[in-house]
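Structure, as C-alpha cells:
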2 protein chains.
Amino acid sequence: MSRTYSISELASEFDLTTRSIRFYEDQELLHPSRRGQTRVYSSKDRVRLKLTIRGKRLGFSLAEIRELFELWDETRSGSKKQLHLMLSKIGDRRAALDQQMKDITMVQLELESAEIRCRQALEELLEKEPQEKQNEEERTGTSDKASAPSSATMH
Amino acid sequence: MSRTYSISELASEFDLTTRSIRFYEDQELLHPSRRGQTRVYSSKDRVRLKLTIRGKRLGFSLAEIRELFELWDETRSGSKKQLHLMLSKIGDRRAALDQQMKDITMVQLELESAEIRCRQALEELLEKEPQEKQNEEERTGTSDKASAPSSATMH
DNA sequence: AAACAAGTTTACGTTAACGTAAAGCTATTG
DNA sequence: CAATAGCTTTACGTTAACGTAAACTTGTTT
C-alpha cells in the first residue's frame, strides 16, 4: 500500500511545473527519496505538497511554510523551552489567520456590494435601451486555470 | 470637513514606509493631490490605502488590487459588455475568497491539533521530570542569553 | 543666515519564487 | 540502434515589491 508518485504525476495533479516542485525540495519543504537519480515521492510527500500549496494560497512564504513543517516535526522531540516557543509561534499563526478571516469577510462584503451595484447599472441600461441589435461576445474568454469553479458564490 | 493627511501620517498610522506609499501611487493605487510638490491625501485616499493593505494581507498582488479599484470606479460608466466582464471578475474573486476561507479553516484545524500535541508533550515532560535539577542532553552550543518568553515576531 | 525637518525625484540594489535554456543520463520502443 | 520520453543538474534571466542612497526643494526654527 501507500503508493508512490513521480514528479510529473504530482505536477499535473496539482497543476505545478516540475521546476516548482524541485524548487520546493531545494527549500527543504519536500524530501523525496531516490531510485537511482530519479525522485520518488511518497504519500507523505504528497500531503506536504498539498499543504504547501494551501499555505501559498494564504499568502505564506515558502520559508514560513517550512517553519511550520519543522515545528510540527519537532513537536515530539522538543525540550520544554522549545515547546513553549512552538506554542508561541502557533499562537501567532492562529492570530494571523483569525485576522485574515476578518479581512476576507470585509472584502467579501465589498465585492458583494460591488456586484449589486453592477447589476443595478445593468438594469438601468436595459431600461433606457430596450432592444438594440448590438451583438456581443457572450463569453469573456478569461480562463483562470488555477481558480476553483466560478459558480461557487451567489445569493 | 473630511480632513487631509501627510504621507508620513499615513505611514505611521498603517506602519508602512513612505517609500511604499509612493510606490503604491506609482502603481496607480493612490492618486493624492498636491499642494506645491507635496502630496496631500484625502480620506478617500486613506480608505484606499486601508483596502490595499487588506488586499495584501490576503495575498493579492498590487496589480490585482488596482484592477479591483478600477472595476469599482468604472461601475457607473460601464457599457453592457464592460459590466458583464466586471460581474465575471467579481465572481472569480468571490470564488477565490471562498476557497481561501476553506483553506484557512483547514490550516486552523491543523494548527489546533499541533497545539494540542504540543501541550501533551509538555505535560509528559512535566510528569517524567517533576522537579529534577538539570539533566539529559539539551545543551545546544549557542548560548542564548535572553531566555525571556518574548512573543515571537510574526511576519 | 544657518541648520533642521519633511518632503521630493531619480536610480540602482535586493529578495522570493520561479521561468527558461542547455546539456547530459537512462530506459523503452519502433 | 537510433530515437523518443522522462528524468536529472547547472546556471543565468525575470518579475514584484519594495530598500537604500544621493541630491534637491521648501518651510520652520534657532
Side-chain angles (χ1 to χ4, degrees), chain A residues 3-42 45-46 48-70 96 144-147, chain B residues 3-42 45-46 48-70 96 103 153-155:
Chain A
R3 57 167 296 206
T4 67
Y5 307 83
S6 77
I7 193 171
S8 48
E9 271 179 313
L10 291 184
S12 78
E13 177 177 357
F14 295 113
D15 197 30
L16 301 169
T17 65
T18 60
R19 175 68 175 93
S20 297
I21 297 182
R22 291 197 196 95
F23 184 74
Y24 296 160
E25 179 180 352
D26 201 58
Q27 304 301 300
E28 304 192 73
L29 295 175
L30 301 174
H31 306 282
S33 52
R34 301 265 177 151
R35 192 174 50 229
Q37 76 171 350
T38 302
R39 274 164 255 251
V40 176
Y41 297 87
S42 68
D45 290 321
R46 213 196 78 152
R48 286 228 159 177
L49 187 50
K50 204 174 209 165
L51 289 175
T52 299
I53 293 169
R54 194 176 282 158
K56 287 215 67 189
R57 275 200 303 253
L58 296 182
F60 289 111
S61 73
L62 297 185
E64 290 170 318
I65 295 171
R66 179 192 161 182
E67 208 191 315
L68 286 175
F69 284 165
E70 285 176 356
D144 197 345
K145 226 161 111 187
S147 73
Chain B
R3 57 167 294 205
T4 66
Y5 307 83
S6 76
I7 193 171
S8 48
E9 270 179 313
L10 291 184
S12 78
E13 176 177 357
F14 295 113
D15 197 28
L16 302 169
T17 65
T18 60
R19 175 69 175 94
S20 298
I21 297 181
R22 290 197 198 95
F23 184 74
Y24 295 160
E25 178 180 352
D26 201 58
Q27 304 301 300
E28 306 193 71
L29 295 175
L30 301 174
H31 306 283
S33 52
R34 300 265 178 152
R35 191 173 52 227
Q37 76 172 349
T38 302
R39 275 164 253 251
V40 177
Y41 297 87
S42 68
D45 290 320
R46 212 196 78 152
R48 286 229 160 176
L49 188 50
K50 203 174 208 165
L51 289 175
T52 300
I53 292 168
R54 194 176 282 158
K56 287 215 66 190
R57 275 201 302 253
L58 297 182
F60 290 111
S61 73
L62 297 185
E64 289 170 318
I65 294 171
R66 177 191 162 182
E67 208 190 316
L68 286 175
F69 283 165
E70 285 176 356
D103 287 340
T153 53
M154 73 139 214
H155 192 53

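In the text below, chain A, chain B and the rest are named by the order of the sequence lines, each starting its count at 1. What you are looking at is a predicted structure, and each value in this text was computed from that prediction instead of being measured.
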Where protein sits on nucleotides 5-23 of chain C, one letter per nucleotide: B base, S sugar-phosphate only, - none, heavy atoms under 4.0 Å: -SSBB-B-----BBBB---
Set of side-chain hydrogen bond (donor to acceptor under 3.5 Å, both in side chains) partners for S42(B), sequence neighbours left out: D45(B)
Residues forming a side chain to side chain contact (heavy atoms under 4.5 Å, CB included) with L10(A), sequence neighbours excluded: Y5(A), E13(A), F14(A), I21(A), Y41(A), R46(A), L49(A)
Pairing residues for R54(B) by the side chain to side chain contact (heavy atoms under 4.5 Å, CB included) criterion, not counting sequence neighbours: D103(A), M106(A), V107(A), E110(A), L51(B), R57(B)
Set of residues satisfying side chain to side chain contact (heavy atoms under 4.5 Å, CB included) with respect to S12(B), sequence neighbours excluded: none
Rounded distance in Å - CG (D26(A)) to C1' (dT10(D)): 12 Å
Just list the side-chain donor-acceptor pairs under 3.5 Å for residues 27-38 of chain A, sequence neighbours left out, or say none.
{"residue": "E28(A)", "atom": "OE2", "partner": "R66(A)", "partner atom": "NH2", "Å": "3.4"}
{"residue": "S33(A)", "atom": "OG", "partner": "V40(A)", "partner atom": "O", "Å": "3.4"}
{"residue": "R34(A)", "atom": "NH1", "partner": "Q37(A)", "partner atom": "O", "Å": "2.9"}

